[in-house]
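Residues take their numbers from the sequence shown, with the count starting at 1. Remember, it's 1-based here, ligands and their atoms both numbered in the order they're listed.
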Amino acid sequence: MKQLLLTFLIILAISLTQAQNTTLNLIPQPVEIQQNSGVFTLNKSAIVSFNKPESRDVAEMLVLKLNVATGFGTKANQGNKGTIQLNLNQNPDPKLGNEGYTLVSTSKSVVISANQQAGLFYGMQTLLQLLPKEIESKLLVKMKWTIPAVKVTDYPRFAWRGLMLDVSRHFFTKEDVMKYIDEMARLKFNTFHWHLTDDEGWRIQIKSLPKLTEVGAWRVQRYGHFGDRAFPKPGEPATDGGFYTQDDIKEVVRYAKERNVTIVPEIDVPGHSMAAIASYPELSCKKDTSTRVSPGINFVDWFGNNTFRANIENALNPSDENVYVFLDKVFTEVATLFPGQYIHVGGDECYKGYWAEDEGCKALMKKLGIRHVEDLQGYFMNRVEGILKKNGKKLIGWDEILDGGISPEATVMSWRGIKGGIEAAKMGHDVVMSPTTFAYLDYVQGERTVDPPIYASLRLQKCYSFEPVPEGVDAKYILGGQGNLWTEQIPTLRYAQYMVFPRAWALSEVYWSPKESKNWDNFIVRVEKQFDRSDVAEINFSKAIYDPIIKTKRVNGKLELTMETEAPRLEIFYTIDDAMPDKYTSKYSSPLLLPDGPITLRAIAYRDGKPIGHLITLKREELEKRAGN
Ligand code: ACM
């Protein structure tokens, strides 16, 4: 009997230890988390309390969310007696700052404390992630709703944790945008960069310039790969597009604010302005009245090294005073709609060839003593900054705003790698890091013969490895970073989610969690748990981590094949004999030399004896290409 009891106790002890050692499924990883024994169980008698009236909104948001899946009808009451308490600290805890929180769960209660609403909001997000994934269900689920007993202390590493959405290349409805913001908020992102204008569409109503949306928000309907689409035909109706009314914008701004998200609107000038020029051709140098909103045509020749030529004029004329009257109208209306301190003015990829030939621009250069047409951009940006300042706003722009000079108060968004950010920080500018190399969420994240192709590749692990403070740079200038979703190839919100996740999970951790806690092996386990949670939430994501990463190189005239995967516990099976691979075909273990001849490689990953991820099929040609041949 004694023996039996002892065995039972040992088993109990082991299972308790195991329970405590399970990785908590939290993204981004909190600063400190201590797991204790026991669980809190949410049941019908739960009450959410809030100790200050200003926390009512967070409390009500929490009960609204909990009640969908639990069906408990939990209420939010002012006070401090709830089984789930949202408490604003009487004496602010300096460690927590404006966005930090503590969360203590025991068998009896969950107490979230913070200095500010934002902290309570993020504590709520952590609480939701600690609950079973079924809490994300849109339907009632009958189950035991437990959360592990923990003590979490958490606050962000960076103040700017952003995601950008380009609504020009494809229009996303205000409901889509609000869903995008919801997703951001769950991951503790606090800055939504809204890319509202570009060559392919002007998306924000400007009441004093109605043609911007009557004309600029609409383009001819085209399908197929961006850049390969046919030019608009004369007289062809422009039926594809959309825009946000100012009431829509106010609604989205309000929605974002309730979720601790500040919106940074972008009006991209002087380049990327074909939609504005289609609406008001007089804003350009050539004043070509046949200019149309681009449906995704290829009008730029790229020569490498960031040099290019735009074959259709898409830049505003910096020498025309009417352009500044136009910009004054635009930015004044934009400034009244968005309460945040920043307006993003673009500044990227402006082709100046038409400026160089324009008599007005030549005269302006002479007057200003400017020798290089490139430097006219500095003049233009400084005029724009003046307009923003008059409206009480700060200028942020892509790293090209450094070309031609900009005031030290301007904030620089580093996108062409991190070099612009380093240069800007060394000059004393504030910097937001969003380099193509780590943070471009439009890039292909998986095998590029499987995922729709776009400019370049960016794997999850690379995103996760991002360090936003470059060596030798004073960290105080790095406000934070963001991920950018350009939508040339992204027509729907569901596909936007596929491109954003899981990479935005990695970036959320890069921008929120302490640098010291970064751990890929631990992260990837949590990623897979988030997959299950996202399935319940009906949020799309890419499973590229299950696809073999296939590389080749030349070794003594032969092709050497290497295959690896990002996810753990996978086996790769492959064939080169035109049979379909399965778990009985060759298993990849180490780099191998491929035979000569017209072979095709087929590879697929398995886990626990079952196929997972995509079958990848690469012909010899492609295998050669990857070796750089
Ligand atoms: C950019 O990607 N053109 C900022």
Side-chain angles (χ1 to χ4, degrees), residues 160 162-170 191-203 226-227 264-276 294 296 298-310 314-316 342-352 374 377 380-381 384 395-404 406 410-424 429 431-445 454-458 463 466 468 479-490 496 499-500 503-504 507:
W160 185 302
L163 283 186
M164 185 275 266
L165 179 66
D166 164 12
V167 296
S168 174
R169 273 54 175 271
H170 276 101
T191 306
F192 173 53
H193 172 175
W194 205 355
H195 184 79
L196 286 162
T197 73
D198 216 302
D199 301 313
E200 289 77 14
W202 183 285
R203 305 296 181 204
F226 187 92
V264 177
E266 180 182 353
I267 305 295
D268 197 349
V269 288
H272 285 277
S273 291
M274 203 186 295
S294 167
N298 180 6
F299 66 97
V300 179
D301 295 331
W302 293 93
F303 308 124
N305 238 350
N306 256 319
T307 55
F308 58 94
R309 178 192 156 79
N314 72 335
L316 305 180
Y342 288 100
I343 294 180
H344 199 303
V345 299
D348 57 322
E349 298 174 318
C350 175
Y351 177 68
K352 287 137 187 139
E374 297 291 325
Q377 176 153 341
F380 176 90
M381 281 300 167
V384 170
L395 181 147
I396 180 165
W398 301 109
D399 54 51
E400 286 96 329
I401 63 169
L402 290 171
D403 307 343
I406 189 78
T411 300
V412 173
M413 190 168 269
S414 188
W415 75 278
R416 294 176 298 179
I418 56 170
K419 114 185 146 319
I422 295 172
E423 191 188 326
H429 291 279
V431 170
V432 174
M433 284 293 193
S434 63
T436 51
T437 35
F438 295 98
Y440 264 42
L441 304 179
D442 57 323
Y443 286 5
V444 176
Q445 62 203 303
I454 191 91
Y455 314 112
S457 286
L458 176 61
C463 278
F466 182 36
L479 301 181
Q482 65 181 42
N484 296 335
L485 189 66
W486 302 101
T487 59
E488 285 94 327
Q489 292 282 107
I490 301 173
M499 294 304 285
V500 168
R503 290 181 294 188
L507 292 180

When you check the side-chain N and O atoms of Q482 and W160, is any donor under 3.5 Å from an acceptor?
->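 Yes.
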
Over all atoms of both residues, closest heavy-atom pair of R503 and Y440 =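 The answer is NH1-O, 4.0 Å.
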
Heavy atoms only: give me the nearest A439-L458 pair and the separation to one decimal.
->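 In this case the closest contact between A439 and L458 is N-CD2, 3.7 Å.
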
Could you tell me the residue and atom name of the protein heavy atom closest to atom 3 (N) of ligand 1, and the distance to it rounded to 0.1 Å?
->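 Checked against all protein heavy atoms, atom 3 (N) of ligand 1 sits closest to D348 OD2, 2.7 Å.
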
Short N or O distance, [X] and ligand 1, threshold 3.5 Å exclusive:
| X | result |
| --- | --- |
| W415 | no |
| E349 | yes |
| Y440 | yes |

In terms of ring plane angle, is the pair F308 and W302 parallel, tilted or perpendicular, where the classes change at 30° and 60°?
->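 The rings of F308 and W302 sit tilted, inter-plane angle from 30° to 60°.
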
Classify the angle between the aromatic ring planes of Y443 and Y455 as parallel (below 30°), tilted (30 to 60°) or perpendicular (above 60°).
->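 Judged by the thresholds at 30° and 60°, the geometry between Y443 and Y455 is perpendicular.
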
Going by the order shown, which atoms of ligand 1 are within less than 4.0 Å of some heavy atom of W486?
->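 Counting atoms of ligand 1 from 1, those under 4.0 Å from W486 are 1 (C), 2 (O), 4 (C).
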
